[in-house]
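As the structure lists them, so they are numbered: ligands from 1, and atoms in each ligand from 1.
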Amino acid sequence: MAKKKVILAYSGGLDTSCCIKWLKDTCNLDVVCFSAFIGEASDKAVLRKRAYSAGASKVYIEDLKKEFADDFILPSLWAHANYEGKYLLATAIGRPLIAKHLVSIAHKEKAQFVAHGCTGKGNDQVRIEVGVRSLAPKLKIIAPLREWEFSSREEEIDYAKRNKIKIDVTKKSPYSIDRNIWGAAIEAGILEDPWREPPEDAYYLTKGKVPTKSRYVEVTFIHGTPVALNGKKMNLVSLIEKLNKITGQYKIGRTDVIENRLVGIKSREIYEAPAATVLMAAHAELESLVFDREFVHFKDVLSLKYSELIYYGLWYSPLKEALDSFFVKQQHLVTGTVKVKLSEKCAQVVGRKSPYSLYREKLATYSHDDQFNHEASKGFIELWGLPYVVATQVGKKSMARKKR
Ligand code: ARG
């Protein structure tokens, strides 16, 4: 009888390479690997070779940057998704994409299992598993890192060597890094001391010498989608990549966070989101120009909830879907250009324009062109403050009674 199949989310690192062999031997499964490229592509040939050396029977390597940008980054941008005010959720939005592809490959390969290399104390295990279960409740999920016997990296290296898995242990960074085009997350090593300032070598997207001169970048949006940089049209993936390069030089979008994980612990992590930080600021700025006050304020309330849902692994939940339709509803108005000034660790919006702008200079001006009806303010204030006038009168009366 043919062996049962498992689709493994494969990164090419030590953990997931050991997972291949472990799943094959311990669970007696035929292991099909799936790797998603949503950051810079690593060498496909090396990845493939490594997976086969560990015992994979088939390897899928897919460039999913476009899908990631269109279906995961854009909705997050429209929602202004930002967990605890400091994390633009790059890793968190990558996981539901991986879950989706694990499920579709599992269907294609008629597999009953999927597996991942997440640890047992992070948020990513939750995101992948809840994602998979929401899309395909019948698939069984295996998380080797929660089950296997290895308790250190050295033991894994030993296991890999014994089994002739072609791993590369020389390039191991002292940190745990996850990155894609929306940003990088870096933790572990000396970063585990929350008092210790992150050293420069911990950064990936925002390193190098900062240009001495500040510069401007203009981002143009059509219906909420960034479509051009400095007037030059480009697709969303290229735009994000280009902007990462430009703003990364200025070390824009770094944060250093004590984060409340879903699994109950606090962790220290540093993030880099150079392009995301600028796009988020520019998009929000354009919205303040074209949306009315109530809309802008209410949206902030929903953004908070949306960010939690994403962080908590509930990308495929009904509430997330409903909130998406709220955020998309007015994006047709988010058309225009925002000018951002870049200097060291700072992206400052300094100009904005839109054909749908609600700003009226004639209403706002303090010059003699002013068309604002000052007299109307008097009646407005009288009625606006009326409830509090009455409340104060009643309060005074009750105080007087109390004294007697
Ligand atoms: N804490 C972040 C999250 O839960 C990032 C997790 C991955 N971080 C890493 N350095 N591998 O989304």
Asker: Who pairs with Phe37 by ring pair (Phe, Tyr, Trp, His ring centres under 6.0 Å), at least two apart in sequence or on another chain?
Answerer: none
Asker: Phe72: what forms a ring pair (Phe, Tyr, Trp, His ring centres under 6.0 Å) with it, not counting sequence neighbours?
Answerer: Trp315
Asker: Aromatic ring centroids of Tyr83 and Tyr311 under 6.0 Å?
Answerer: yes
Asker: Once salt bridge (charged side-chain N to carboxylate O under 4.0 Å, His left out) is applied, do any residues pair with Arg127, and if so which ones, sequence neighbours excluded?
Answerer: Asp124
Asker: Give every pair formed by an N or O atom of ligand 1 and a protein N or O atom closer than 3.5 Å, one pair per line with both atom names and the distance to 0.1 Å, or write none.
Answerer:
residue	atom	partner	partner atom	Å
ligand 1	1 (N)	Glu259	OE2	2.8
ligand 1	1 (N)	Glu269	OE1	2.6
ligand 1	1 (N)	Tyr271	OH	3.0
ligand 1	4 (O)	Asn123	ND2	2.7
ligand 1	4 (O)	Arg127	NH1	3.1
ligand 1	4 (O)	Arg127	NH2	3.0
ligand 1	8 (N)	Glu269	OE2	2.9
ligand 1	10 (N)	Ser176	O	2.8
ligand 1	10 (N)	Ala185	O	3.1
ligand 1	10 (N)	Glu269	OE2	2.9
ligand 1	11 (N)	Ser176	OG	3.0
ligand 1	12 (O)	Tyr87	OH	2.5
ligand 1	12 (O)	Arg127	NH1	2.7
ligand 1	12 (O)	Arg127	NH2	3.0

Asker: Could you check whether His374 and Phe372 have their ring centres less than 6.0 Å apart?
Answerer: yes
Asker: Tell me whether the NZ or CZ atom of Arg254 lies within the 45° cone about the ring axis of Tyr271 and under 6.0 Å from its centre.
Answerer: no
